[in-house]
Novice: 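Can you keep this structure in mind? I'll have questions shortly.
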Amino acid sequence: MKFEVQEPWWRTPGNRIQCLAAVGLLAAAAASQAQTLEEIIVTAQKRAQSLQRVPISITAFTGDDLERLGFITPFELFKQTPNVTLVGDTVFPQVNIRGVQAYDFGAGNEPPVGFYFDEVYLGTSSSQQGQLFDIERAEVLRGPQGTLFGRNTTGGLVHYISRKPTEELEAHGSFQYGSYDQTIVEGAVSGPLGDRVRGRLAFKYNNDDGWQVNKITGTDFMVTDVFAGRGLLEIDFSEEATLLLNVHGHTQDNRSDGFAVLGTLDPATGMRCPPGRILAGDCVTLSGFRHGNPEPTDVFSNLDQLEHSIDSFGVSGTLRWNINRMELVAISAYEWSDKVYEEDADGPDPLLDAFFTVEAEQFTQELRLSGETGRLQWLVGGFYYNDDKEDLGITIPPLIALLGFTLGLQNEATLDTESWAAFVHGEYTLNDRFSLVAGLRFTSESKDLVITDSFAAPSFIDMEEADSDKVTWEAGLNWQVNDETLAYASVKSGFKSSAFNTILVTPGQAAPVGEEENVNYEVGVKTDALMGGRLRFNAAAFYNDYSDFQVVTHQEVVGGIPAVVFLNGGDLELYGADFELELATTENLALRLGIGLLEGEIDAPPTVAVRGVPLDGKEPPHAPSVSLNALARYSVPLAEHGALMLQTSVTWEDDVFFEANNDPTLTEDDNLIWDARVRWTSPTERYFLEGFVDNILDEELVYAGFDVSSSGFIARIWQPPRRAGVRAGFEF
């Protein structure tokens with residue numbers, strides 16, 4: 001375990017040599033082959049470009065990549081993305097990119113990592129928790145994106161692009177059956193509906209019996225029951241103007257997860273146990289409960305069910321109009337979602353059973369005009385965002401009934417956000433090799449919060465407002481060394497506007513905290529020039545100057561009830577590097593390797609503490625010093641019997657803390673997840689059959705945790721255990 005900032009693993013001479021040797025072995029394996037790599041087109045700069053020509057650290061996946069990896073939810077692709085960590089995917093999904101993440105768990109605040117789907121920003125976590133299906137491409141952009149995107153992207157963004165309607169009739173479908181009676185049915189059909197009209201329908205149904213058992217009631221937790229669908233209609237008004245309509249939604253009636261509740265008190269003395277005894281399960285909670293040696297599949301709860309329901313619906317229209325060698329893009333979108341999440345934080349004790357709720361609707365409008373004038377590739381645009389959240393809050397019914405009041409135990413709130421922005425971006429070609437990039441965005445935003453402990457019978461009502469006016473920018477120099485190699489240097493800024501605490505609030509605690517800002521300094525290289533175009537090597541080194549980051553702390557108030565305080569925690573320096581290698585060794589063998597290196601330290605005032613522990617000098621949570629991902633895929637031709645694909649992938653992460661105070665009981669050791677798949681494809685490539693095993697080693701890992709000292713326990717949240725299954729499908 002790391003309890004202080006240490007010399008980075010990757011800077012020691014021995015390990016540096018090992019890394020270089022590993023790269024050399026990969027290169028040697030491909031030296032005599034003749035296969036070249038597939039070009040990937042991305043839209044990270046709001047125009048179609050080769051991934052290798054974009055001066056941004058990006059990990060991109062094609063739809064075929066996602067399908068072959070077996071990813072089901074939007075958060076799974078982070079397993080194969082350097083310097084990106086999934087913190088949680090239940091009450092408030094959090095993604096950590098290069099050490100930047102949300103440090104609160106309320107549904108009212110937007111995270112510093114933006115989520116986009118078909119160019120539409122999703123400002124509510126419940127809209128992000130659907131299914132991954134019928135996807136053309138996914139892009140993960142590391143570092144602040146405060147110019148062309150700009151919605152709270154101090155950390156980066158994730159963009160999913162769905163497959164579009166086609167000129168010819170096509171369809172695909174699949175059926176999957178796996179562990180815990182998992183059943184997944186997926187399909188899509190696309191084709192022409194007239195001379196100038198095309199359509200596409202896609203859906204996914206995902207159901208299982210759950211992989212956790214409540215040992216007290218015998219009921220199942222972590223149950224999945226989701227249906228999602230999408231309909232697209234594309235209309236050509238002329239050769240220059242096209243309108244794409246997108247209607248989508250999903251409904252889920254899941255059961256959420258039970259936690260590993262570990263006592264922190266010595267059963268003989270009642271004093272807090274040392275970390276080793278707590279993690280070994282030797283200690284008890286305030287009520288005397290001892291979990292012992294916890295396992296992911298066996299949990300303890302006084303509740304029969306833990307509800308996790310979401311309904312969402314959205315519609316968007318994207319108009320693209322070519323006007324005199326310029327392109328006008330107008331995107332209008334409406335999104336609605338309703339979420340209820342039930343949590344049992346204290347296991348068998350009937351006290352901290354909480355409900356989180358939020359109903360949100362948003363409207364966005366974006367206008368962009370782009371073109372090329374002489375040596376200048378330019379884009380100007382405007383963006384409008386309106387978001388209304390109602391029924392936003394948390395309630396803890398058992399404590400309310402026990403203590404006879406709601407203050408500090410329940411919050412009900414409405415939160416309205418209105419924002420507009422204007423932006424400009426350009427790339428000026430100096431000569432055949434060098435170009436300058438610059439961008440500027442002005443954002444004006446206002447937020448209004450009304451919060452109480454009960455609108456029906458309030459003991460207090462607070463009305464808060466926050467306004468933000470901010471200029472974010474970028475500047476960079478690109479050097480096209482040759483046709484296959486790009487080198488770049490850039491400086492970019494991004495900001496997250498003022499925000500409110502809406503969780504366990506007492507009077508005055510909902511006051512807004514100030515803006516946070518991140519300035520990213522980066523140099524990188526992207527090349528396909530190695531070994532005759534058979535080895536792709538992309539690397540970026542970065543330094544993040546992350547200031548006034550927003551974080552929650554905890555205090556004991558109102559009869560020992562834990563309350564949340566939200567504030568600006570100080571500054572955070574982050575530095576490291578991303579490396580990605582891809583080899584086309586032969587027509588049959590593909591290799592992929594990603595390496596993330598990250599170090600950081602919090603610089604906070606002495607008064608900023610989490611559970612009494614000052615944050616100054618601590619390392620950021622969920623930010624492993626080293627993270628690795630690798631994939632090997634080998635295709636075996638079977639002549640007239642089709643082809644066989646063998647695939648294995650691994651993810652390894654160094655040890656991490658779960659909280660900013662670096663609590664030694666809220667950690668996870670370095671860990672390895674190993675998955676494998678085998679797939680048979682028919683000679684006509686119309687049919688396939690595959691089998692898979694995820695988490696082959698059945699590692700018992702946790703991805704998050706928290707401390708409730710007032711009740712004498714910590715809670716740890718599990719990752720799924722080993723799962724296996726088969727899948728069959730068709731495509732024509």
Side-chain angles (χ1 to χ4, degrees), residues 1-12 14-15 18-19 78-89 94-96 98-99 101 212 257-264 273-283 291-299 576 594-602 610 613 618-630 649-675 694-707 713-723:
M1 296 285 181
K2 299 176 299 183
F3 302 111
E4 59 183 17
V5 177
Q6 302 173 348
E7 181 73 7
W9 174 93
W10 44 275
R11 289 175 59 184
T12 60
N15 287 317
Q18 292 175 26
C19 287
F78 305 133
K79 294 191 296 184
Q80 288 291 313
T81 309
N83 267 333
V84 180
T85 303
L86 176 63
V87 179
D89 60 356
Q94 297 184 34
V95 178
N96 185 304
R98 291 176 168 177
Q101 69 171 66
Q212 285 186 334
D257 47 350
F259 304 155
V261 176
L262 297 177
T264 61
C273 290
R277 290 190 62 196
I278 293 174
L279 295 175
D282 293 339
C283 306
H291 200 152
N293 186 22
E295 297 183 0
T297 55
D298 298 335
V299 296
I595 304 173
L597 307 176
L598 179 64
E599 293 295 327
E601 182 175 336
I602 297 173
V610 171
V613 179
K618 299 297 189 294
E619 65 180 76
H622 297 285
S625 293
V626 183
S627 57
L628 305 173
N629 60 268
S649 60
V650 296
T651 301
W652 182 87
E653 290 184 351
D654 202 357
D655 52 323
V656 297
F657 292 105
F658 294 150
E659 292 200 343
N661 64 354
N662 294 181
D663 186 334
T665 65
L666 296 173
T667 63
E668 181 56 275
D669 293 334
D670 58 289
N671 59 84
L672 174 74
I673 296 293
W674 178 25
D675 303 334
D694 293 334
N695 191 4
I696 294 173
L697 303 178
D698 200 21
E699 293 285 346
E700 297 181 354
L701 302 175
V702 294
Y703 64 72
F706 55 89
D707 185 318
F713 73 88
I714 64 168
R716 292 160 64 85
I717 306 174
W718 295 107
Q719 293 191 30
R722 179 170 54 222
R723 293 180 290 184

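We use all heavy atoms of the structure for the numbers below, so side chains are in, but hydrogens, waters and symmetry mates are not. Counting begins at 1 with the first residue of the sequence.
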Novice: Which residues pass the side chain to side chain donor-acceptor pair (under 3.5 Å) test with W718, not counting sequence neighbours?
Specialist: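 With sequence neighbours excluded, W718 shows a side chain to side chain donor-acceptor pair (under 3.5 Å) to no residue whatsoever.
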
Novice: Does the side chain of N671 come within less than 4.5 Å of E699's, by heavy atoms?
Specialist: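 Side chain of E699 against side chain of N671, heavy atoms only: no contact under 4.5 Å found.
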
Novice: Supply the atom-to-atom distance N83 CG to I595 CD1, rounded to the nearest 0.5 angstrom.
Specialist: 10.5 Å

Novice: T85 versus P624: any side-chain heavy-atom pair under 4.5 Å?
Specialist: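 They are in contact (side-chain heavy atoms under 4.5 Å apart), so the answer is yes.
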
Novice: Can you tell me how far apart CD (E599) and CD (E619) are? Round to the nearest 0.5 Å.
Specialist: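 So the gap between those two atoms works out to 7.5 Å.
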
Novice: Can you measure from CD (E700) to CZ (R722) and round to the nearest 0.5 angstrom?
Specialist: 10.5 Å

Novice: Is the backbone of L262 close enough, under 3.5 Å, to the side chain of H291 for a donor and an acceptor to pair up by distance?
Specialist: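 Looks like no, no N/O pair under 3.5 Å.
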
Novice: My understanding is that only residues two or more places apart in sequence, or in another chain, count here; which of them pass salt bridge (Lys or Arg N to Asp or Glu O under 4.0 Å) with R277?
Specialist: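 Salt bridge (Lys or Arg N to Asp or Glu O under 4.0 Å) list for R277, sorted by chain: D266.
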
Novice: Working to the nearest 0.5 angstrom, can you tell me the gap between I714 CD1 and L279 CG?
Specialist: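 Rounded to the nearest 0.5 Å, the CD1-CG separation comes to 5.5 Å.
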
Novice: Angle between ring planes, F706 versus F713, binned at 30° and 60°: parallel, tilted or perpendicular?
Specialist: perpendicular

Novice: In chain order, what residues pass the side chain to side chain donor-acceptor pair (under 3.5 Å) check against Q80, with sequence neighbours excluded?
Specialist: N629

Novice: When you look at T665 and R716, which way does the side-chain contact (heavy atoms from CB on, under 4.5 Å) test go after all the steps?
Specialist: CA-CA 9 Å; T665 65; R716 292 160 64 85; over 6 Å; no

Novice: Verify side-chain contact (heavy atoms from CB on, under 4.5 Å) between S649 and D675, making sure each step is shown before the conclusion.
Specialist: CA-CA 5 Å; S649 60; D675 303 334; 3.7 Å; yes

Novice: Could you pull out the closest heavy-atom pair between G596 and P82, with the gap in Å?
Specialist: N-CB, 4.1 Å

Novice: When you look at Q94 and L86, which way does the side-chain contact (heavy atoms from CB on, under 4.5 Å) test go after all the steps?
Specialist: CA-CA 6 Å; Q94 297 184 34; L86 176 63; over 6 Å; no

Novice: Looking only at atom types and distance, does a side-chain atom of Q212 sit under 3.5 Å from a main-chain N or O of P296, one as donor and one as acceptor?
Specialist: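 Checking the backbone N and O of P296 against the side chain of Q212, a donor-acceptor pair under 3.5 Å is found.
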
Novice: Is W674 close to T651 at the side-chain level, that is, under 4.5 Å between some pair of heavy atoms?
Specialist: no

Novice: Could I get the full list of salt bridge (Lys or Arg N to Asp or Glu O under 4.0 Å) partners for D694, not counting sequence neighbours?
Specialist: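 None.
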
Novice: Indicate the atoms forming the closest heavy-atom contact of Q719 with Y703, along with that distance.
Specialist: CG-CD2, 3.4 Å

Novice: Can V656 and T667 be said to form a side-chain contact (heavy atoms from CB on, under 4.5 Å), step by step?
Specialist: CA-CA 6 Å; V656 297; T667 63; over 6 Å; no

Novice: Once rounded to the nearest 0.5 Å, what's the spacing between atom CG of N695 and atom CG of L701?
Specialist: 6.5 Å

Novice: Can you name the nearest heavy-atom pair linking E653 to V84, along with the distance?
Specialist: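 In this case the closest contact between E653 and V84 is OE2-O, 4.4 Å.
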
Novice: Please list, chain by chain and in numerical order, all residues satisfying side chain to side chain contact (heavy atoms under 4.5 Å, CB included) with P721, sequence neighbours excluded.
Specialist: Y180, W211, T297, D698

Novice: Do the side chains of I673 and V650 get nearer than 4.5 Å, heavy atoms only?
Specialist: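 In short, these two side chains do not touch, never coming nearer than 4.5 Å.
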
Novice: Should V87 and V95 count as side-chain neighbours, where that means a heavy-atom distance under 4.5 Å?
Specialist: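 A side-chain contact is absent here, since even the closest heavy-atom pair is not under 4.5 Å.
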
Novice: Atom CZ in F658, atom CG in D663: separation rounded to 0.5 Å?
Specialist: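 These two atoms lie 10.5 Å from each other.
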
Novice: State, to 0.1 Å, how close G263 and C283 come at their nearest heavy-atom pair, and which atoms those are.
Specialist: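 Closest approach of G263 to C283: O-CB, 3.3 Å.
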
Novice: Kindly give the heavy-atom pair with the smallest separation between A623 and L598, and that separation in Å.
Specialist: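 Reported closest heavy-atom pair: CB-CD2, 3.5 Å.
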
Novice: Who pairs with P621 by side chain to side chain contact (heavy atoms under 4.5 Å, CB included), at least two apart in sequence or on another chain?
Specialist: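 Y103, A660.
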
Novice: So do the side chains of T264 and C273 get within less than 4.5 Å of each other, counting heavy atoms only?
Specialist: no

Novice: Sequence neighbours excluded, which residues qualify as ring pair (Phe, Tyr, Trp, His ring centres under 6.0 Å) partners of F78?
Specialist: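 In terms of ring pair (Phe, Tyr, Trp, His ring centres under 6.0 Å), with neighbours along the sequence ignored, F78 is linked to no residue.
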
